[in-house]
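Heads up: the structure comes next, in structure tokens.
Counting starts at 1 for both ligands and their atoms, following the listed order.
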Amino acid sequence: MATRLRAAGAGRSCTVIGGSGFLGQHMVEQLLAKGYSVNVFDIHKRFESDQVTFFLGDLCDKEALLPALRGVAVVFHCASPAPASDNRELFYRVNFTGTKAVIEACREAGVQKLVLTSSASVVFEGTDIKNGSEDLPYAQKPIDYYTETKILQEKEVLSANDPDNNFFTTAIRPHGIFGPRDPQLVPILVQAARSGKMKFIIGDGKNLVDFTYVENVVHGHILAAEKLHKGSALCGKAFHITNDEPIPFWTFMSRILTGLDYDPPKYHIPYWLAYYLALLLSLLLALLRPLVTIKATFTPMRVALAGTFHYYSCERAKRAMGYSPVVSLDEAIARTVQSYPGLRRARA
Ligand SMILES: NC(=O)C1=CN([C@@H]2O[C@H](COP(=O)(O)OP(=O)(O)OC[C@H]3O[C@@H](n4cnc5c(N)ncnc54)[C@H](O)[C@@H]3O)[C@@H](O)[C@H]2O)C=CC1
Ligand SMILES: CC(C)CCC[C@@H](C)[C@H]1CC[C@H]2C3=C(CC[C@]12C)[C@@]1(C)CCC(=O)C[C@@H]1CC3
């Protein structure tokens, strides 16, 4: 591994924690394409590559992390339990306690730059956000444990910024990441359509939302790593990274569905009715959990995301790192639909 690190040049050596995931794999591919030497640290190994040094382990275990971080200049931390897992203990262990282990391991291994994948949802409380800036306060009442622990995670990383000891941190807040190999947006949408649950538009269908193509998210992360240094505007700060093209939530869903030959939703259900039905269902499923585990399609968080405005300004990223999306929304939707032949509706 040391040879590879030297070959890439010390400044272009990195470790992607969570590199087996949806965003992580795209991150690894683009970093390799840019000449970085890349380690991957993940609790699962989901791909083979002779260009990557893979370290299998739990990020909550600092001793397991250290070998994967020694000698690298940048750590990208994009690991998290899946939002749908709804497991409070797991979220706290990985996103809060685990992130503290990542920070300690980075400090001990002499890593200079830590780029966290946070989430624009850290300021979302289920009410409209229109062109929200990074100055919005953290959600006081996060809708779910995922969001609650992403807030704690971001606070830990940004407060760990320590320029006097050459340790620089920043957080990237993407929103609604989609693209090839996404495990939780397109597959869940198609599953809902296949089970006949996509007949209703929640609300009036005019709520604008940011959906961000995965390659734009990676681009933002790499820009941040390259611009993060002593005295830069990125130190200890968070940055929204979006496609900069907010779109009505249900227009986006309909374009993905029709692109895969499914009928788009056409009837309307009032947002408040959908939300309280989802809340009632979530309480019922919580009561039944000791007996049976049932995953709801329409969780309160998903209904809130489907029925409210939530789009964000990425002006700060444009100014501080020269960010602009590299793939347009139209092109991104076309590539995404093209990448899921197995999810296309079977013709009768
Ligand atoms: N998917 C989306 O729409 C958005 C995602 N994000 C953030 O982006 C990041 C990546 O998300 P995705 O790629 O969608 O998730 P993913 O579930 O596809 O990937 C997460 C990776 O983290 C790994 N991981 C989980 N727990 C671990 C542990 N204890 N030790 C080591 N590795 C562990 C998993 O094995 C997986 O490979 C996450 O931090 C998520 O919070 C932020 C905004 C939107
Ligand atoms: C069943 C329908 C009402 C919705 C189907 C699509 C949803 C599964 C997705 C639409 C918006 C997505 C989203 C996320 C997960 C998948 C959706 C709810 C996140 C919660 C993933 C993690 C984040 O950090 C924020 C994302 C916001 C948008």
Side-chain angles (χ1 to χ4, degrees), residues 16-28 40-47 55-61 64-65 68 76-87 90-91 93-95 97-99 101-102 116-122 124 143-144 146-147 149-151 153-154 157 171-179 181-193 195 197-198 200-203 209-214 217-218 221 240-242 249-250 252-253 256-257 265 269 274-275 278 295-308 310-312:
V16 181
I17 301 175
S20 284
F22 161 50
L23 174 62
Q25 287 194 37
H26 285 274
M27 194 97 78
V28 169
V40 167
F41 182 93
D42 201 299
I43 204 164
H44 294 115
K45 185 170 188 181
R46 294 203 183 97
F47 67 95
F55 297 83
L56 198 62
D58 185 336
L59 66 86
C60 300
D61 176 357
L65 277 166
F76 296 95
H77 177 15
C78 61
S80 167
S85 64
D86 199 30
N87 179 330
L90 180 66
F91 280 127
R93 190 175 72 81
V94 177
N95 285 351
T97 313
T99 296
V102 167
L116 169 71
T117 309
S118 179
S119 170
S121 287
V122 295
F124 182 66
I143 289 187
D144 58 13
Y146 166 81
T147 307
T149 56
K150 288 298 281 188
I151 292 168
Q153 178 185 61
E154 182 181 291
V157 168
I172 298 297
R173 292 180 180 177
H175 194 48
I177 310 176
F178 72 100
R181 290 168 276 165
D182 144 45
Q184 62 187 330
L185 195 158
V186 175
I188 293 173
L189 178 61
V190 167
Q191 183 187 355
S195 48
K197 296 177 184 174
M198 288 310 285
F200 289 95
I201 290 168
I202 295 172
V209 168
D210 274 321
F211 288 99
T212 316
Y213 189 57
V214 63
V217 178
V218 172
H221 279 73
H240 293 142
I241 292 292
T242 74
F249 181 93
W250 292 97
F252 179 85
M253 294 296 143
I256 298 287
L257 287 171
I269 178 173
Y275 186 82
K295 286 276 186 196
T297 301
F298 293 90
T299 62
M301 179 57 149
R302 288 179 182 171
V303 170
L305 290 164
T308 60
H310 40 101
Y311 63 96
Y312 301 86

(message) As an exercise, state the distance from CD1 of Ile43 to SG of Cys60, rounded to the nearest 0.5 Å.
(response) 7.5 Å
Just by modelled atom types, is the [Y] backbone N or O under 3.5 Å from a matching donor or acceptor in the [X] side chain?
| X | Y | value |
| --- | --- | --- |
| Asp144 | Thr147 | yes |
| Ser118 | Arg173 | no |
| Ser20 | His44 | yes |
| Thr299 | Arg302 | yes |
| Lys150 | Thr117 | yes |
| Asn95 | Thr149 | no |
| His310 | Leu305 | yes |

For [atom], what's the nearest protein heavy-atom neighbour? Residue, atom name and distance, please.
| atom | value |
| --- | --- |
| atom 26 (N) of ligand 1 | Val94 CG1, 3.9 Å |
| atom 14 (C) of ligand 2 | Leu305 CD1, 4.6 Å |
| atom 31 (C) of ligand 1 | Ile43 N, 3.3 Å |
| atom 1 (C) of ligand 2 | Thr297 CG2, 3.7 Å |
| atom 3 (O) of ligand 1 | Ile177 N, 3.0 Å |
| atom 26 (C) of ligand 2 | Gly176 N, 4.2 Å |
| atom 35 (O) of ligand 1 | Asp42 OD1, 2.6 Å |
| atom 3 (C) of ligand 2 | Phe298 CE2, 3.5 Å |
| atom 21 (C) of ligand 2 | Pro83 CG, 3.9 Å |
| atom 39 (O) of ligand 1 | Lys150 NZ, 3.0 Å |
| atom 9 (C) of ligand 1 | Cys78 O, 3.3 Å |
| atom 12 (C) of ligand 2 | Leu185 CD1, 4.3 Å |
| atom 41 (O) of ligand 1 | Tyr146 OH, 2.5 Å |
| atom 4 (C) of ligand 2 | Phe249 CZ, 4.3 Å |
| atom 24 (N) of ligand 1 | Ala79 CB, 3.9 Å |

Can you confirm, on distance only, whether ligand 1 has an N/O atom lying under 3.5 Å from any N/O atom belonging to [X]?
| X | answer |
| --- | --- |
| His175 | no |
| Phe41 | no |
| Pro174 | no |
| Arg93 | no |
| Leu59 | yes |
| Phe22 | yes |
| Leu23 | yes |
| Asp58 | yes |

Heavy atoms of the protein only: does one fall short of 4.0 Å from [atom]?
| atom | result |
| --- | --- |
| atom 18 (C) of ligand 2 | yes |
| atom 10 (C) of ligand 2 | yes |
| atom 15 (O) of ligand 1 | no |

(message) Looking only at distances, can you tell me whether any N or O atom of Trp250, backbone or side chain, sits closer than 3.5 Å to an N or O atom of ligand 2?
(response) no
(request) Could you say whether the N/O atoms of Tyr146 and ligand 2 ever approach to under 3.5 Å? (result) yes
Within a distance under 4.0 Å of any heavy atom of [X], pick out the atoms of ligand 2 and give their elements.
| X | value |
| --- | --- |
| Ser119 | 23 (C), 24 (O), 25 (C) |
| Gln184 | 8 (C), 16 (C) |
| His175 | 27 (C) |
| Ile188 | 8 (C) |
| Ser121 | 25 (C) |

Does [X] approach ligand 1 within less than 4.0 angstrom via side chain, backbone, both or neither, non-hydrogen atoms only?
| X | answer |
| --- | --- |
| Ser20 | both |
| Arg173 | neither |
| Ser121 | neither |

(request) Report yes if the side chains of Leu189 and Phe178 come closer than 4.5 Å at any heavy-atom pair, otherwise no. (result) no
(message) With heavy-atom distances below 4.5 Å as the criterion, would you say the side chains of Phe41 and His77 are in contact?
(response) no
Which atoms from ligand 1 have a heavy atom of [X] less than 4.0 Å away?
| X | answer |
| --- | --- |
| Thr117 | 7 (C), 8 (O), 9 (C), 39 (O) |
| Ser119 | 42 (C), 43 (C) |
| His44 | 35 (O) |

(request) Check the pair Lys197 / Thr297 against side chain to side chain donor-acceptor pair (under 3.5 Å), numbers first and verdict last. (result) CA-CA 9 Å; Lys197 296 177 184 174; Thr297 301; 3.0 Å; yes
Determine the interplanar angle of the [X] and [Y] rings, folded into 0 to 90°, and report it as parallel if under 30°, tilted if 30 to 60°, perpendicular if over 60°.
| X | Y | result |
| --- | --- | --- |
| Phe76 | His221 | tilted |
| Tyr146 | Phe91 | perpendicular |
| Tyr312 | His175 | perpendicular |

(message) side chain to side chain donor-acceptor pair (under 3.5 Å), that's the test. Do Arg46 and Gln25 meet it? Break it down for me.
(response) CA-CA 9 Å; Arg46 294 203 183 97; Gln25 287 194 37; over 6 Å; no
(request) From atom 6 (C) of ligand 2, work out which of Met253, Met198, Arg173, Arg302 has a heavy atom at the shortest distance. (result) Met253
(request) With sequence neighbours left out, write down each residue that passes ring pair (Phe, Tyr, Trp, His ring centres under 6.0 Å) with His26, or none if nothing qualifies. (result) Phe22
(message) Below 4.0 Å, non-hydrogen atoms only: which portion of Lys197 touches ligand 2? Side chain, backbone, both or neither.
(response) neither
(message) Checking contacts here: is it the side chain or the backbone of Met301 that comes within 4.0 Å of ligand 2, counting heavy atoms only? Could be both or neither.
(response) neither
(message) Just to check, does Gly57 reach to within less than 4.0 Å of ligand 1 when the distance is taken from its heavy atoms?
(response) yes
(message) Just to check, does His77 reach to within less than 4.0 Å of ligand 1 when the distance is taken from its heavy atoms?
(response) no
